[in-house]
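This report refers to the structure that appears directly beneath it.
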Amino acid sequence: MSDSEPRQSSSDFGSLLADRWLQLSPLVDAVLDAPRDRRSSVLTEVSGGDAQLRDEIERLVDECERAVPMLDRPAAEGFSHLLVADPDAAIPEMLGGRYRIEREVGRGGMARVYLARDLKHSRSVAVKVIRPDLARSLGRERFLREIEIAARLRHPNIVPVYDSGDTGGALYFVMPYEEGPSLRERLRVGPGMSSGSA
Amino acid sequence: MAAPRQMEHTPDVDVLQELRSGRRDSLDRLLPAVYEQLRVIASRQLTLRKGGGTLSTTGLIHEAYLKLVDQSRVAWRDRSHFFALASVAMRHVLVDRAKARLAQKREGGLRRVTLDEEQLDADDQAELMVDLNDAIDKLAVTEPRLARVVECRFFGGLSEEETAEVLEVTARTVQRDWAKARMLLRRALSP
């Protein structure tokens, strides 16, 4: 091993070579451990009168104590974007060239429900959009089959399905929109994914 | 000694029993269960907090812990083992997500993202996380304990005291190690 020929090994830290660091580390420890008002004399002491070494250690100690924004918060905070399930693929304003989304009116574990305007028939409708990640992991076919079954049903306790479709991977179906407290209840027992009602 | 059992996808895994055995392979077998819990809990919390608020890692890990372990049988010693494991799991979760995102997105960063940034968009977070992960692997070659401190403090969100308990060193040592690790990683990732 030759000191005169600096080499960049895979475990170096930028320009600070790993071997060099292992020599300096205990000296840095000594300075970090010293009370503030003793730092200067400890620095002089550990560097044994070598001014260049003293500077080097001092710089390392300073860097040990400066803020490092992306490390000073826990990873789940500074890197929180990485934990988002599926950046909720923003719902397009218009679905199937016919339903204009007005606002979200409810959400559950599997889907979100929006109030939309059915431009073709000038009426308000409820559009239920299945979470894209769920549709993917549970299988689109299953949802499509359930929508198909629900669309054929006629029963006073089942909200009829007007229409259904697919927008950029997100499945949706369209139901009558009714104001009032019965909506939630009817949506719940409606063409949801409960196999009991199917 | 724990009886051999199938645990891959068993939700009510006897985590404590496994941890007590202290065998490396049992930790490896537990990781997927912890990983899955953290991933699910984190996604759910972020959905709920959309539009504001930050995520508490300690909250995540405590919730995963409660889900996986029967609280009534827990001793502190076991809790610290769990924290160590959860910190590793959190590292895997973040790095896996980052790699998946990079694979999907652009071909290569236009600029080097450093640890000195205050806020990063999703793509930059992914890039920095992958670089950081490599840098921590390299740190582990030279200074294995410092790399463990980074796992506990940064990925696990553990306090100095909790980290000291996990690594069986003093809190003062953790404090020093953490300061040095931050400096070394920052250097490793500086242009």
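Chain letters run A, B, ... following the sequence lines, proteins first, then strands; residues in each count from 1.
- A salt bridge links B:Asp137 with B:Arg91: the closest approach of a Lys/Arg side-chain nitrogen to an acidic carboxylate oxygen falls below 4.0 angstrom.
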Show your reasoning for whether side chain to side chain contact (heavy atoms under 4.5 Å, CB included) applies to B:Met129 and B:Glu127. CA-CA 5 Å; B:Met129 179 54 66; B:Glu127 197 166 321; over 6 Å; no
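- Taking 4.5 Å as the limit, some side-chain heavy atom of A:Tyr99 sits within range of a side-chain heavy atom of A:Val174.
- In this structure, the portion of B:Arg186 lying under 4.5 Å from any heavy atom of chain A is its side chain and not its backbone.
- By the 4.5 Å heavy-atom criterion applied to side chains, A:Arg73 and B:Phe154 are not counted as neighbours.
- Residue with the most contacts toward chain B among A:Val61, A:Leu60, A:Asp72, A:Asp29: A:Asp29 (heavy-atom pairs, distance under 4.5 Å).
- Looking at A:Leu22, the atoms closer than 4.5 Å to chain B (heavy atoms on both sides) all sit in the side chain, from C-beta outward.
- Of the atoms belonging to B:Ser190, not a single heavy atom falls under 4.5 Å from chain A.
- Interface remark: B:Leu139 contributes backbone and side-chain atoms alike to the contact with chain A (heavy atom separation under 4.5 Å).
- Relative to the ring axis of A:Tyr162, A:Arg123 places its NZ or CZ within 45° and under 6.0 Å from the centre.
- The choice from B:Arg187, B:Gln175, B:Arg153, B:Arg172 that makes the most heavy-atom pairs within less than 4.5 Å of chain A is B:Arg187.
- Under the 4.5 Å side-chain criterion, counting only non-hydrogen atoms from C-beta, B:Trp178 is not in contact with B:Leu146.
- Proximity to chain B is absent for every atom of A:Asp62, based on heavy atoms less than 4.5 angstrom apart.
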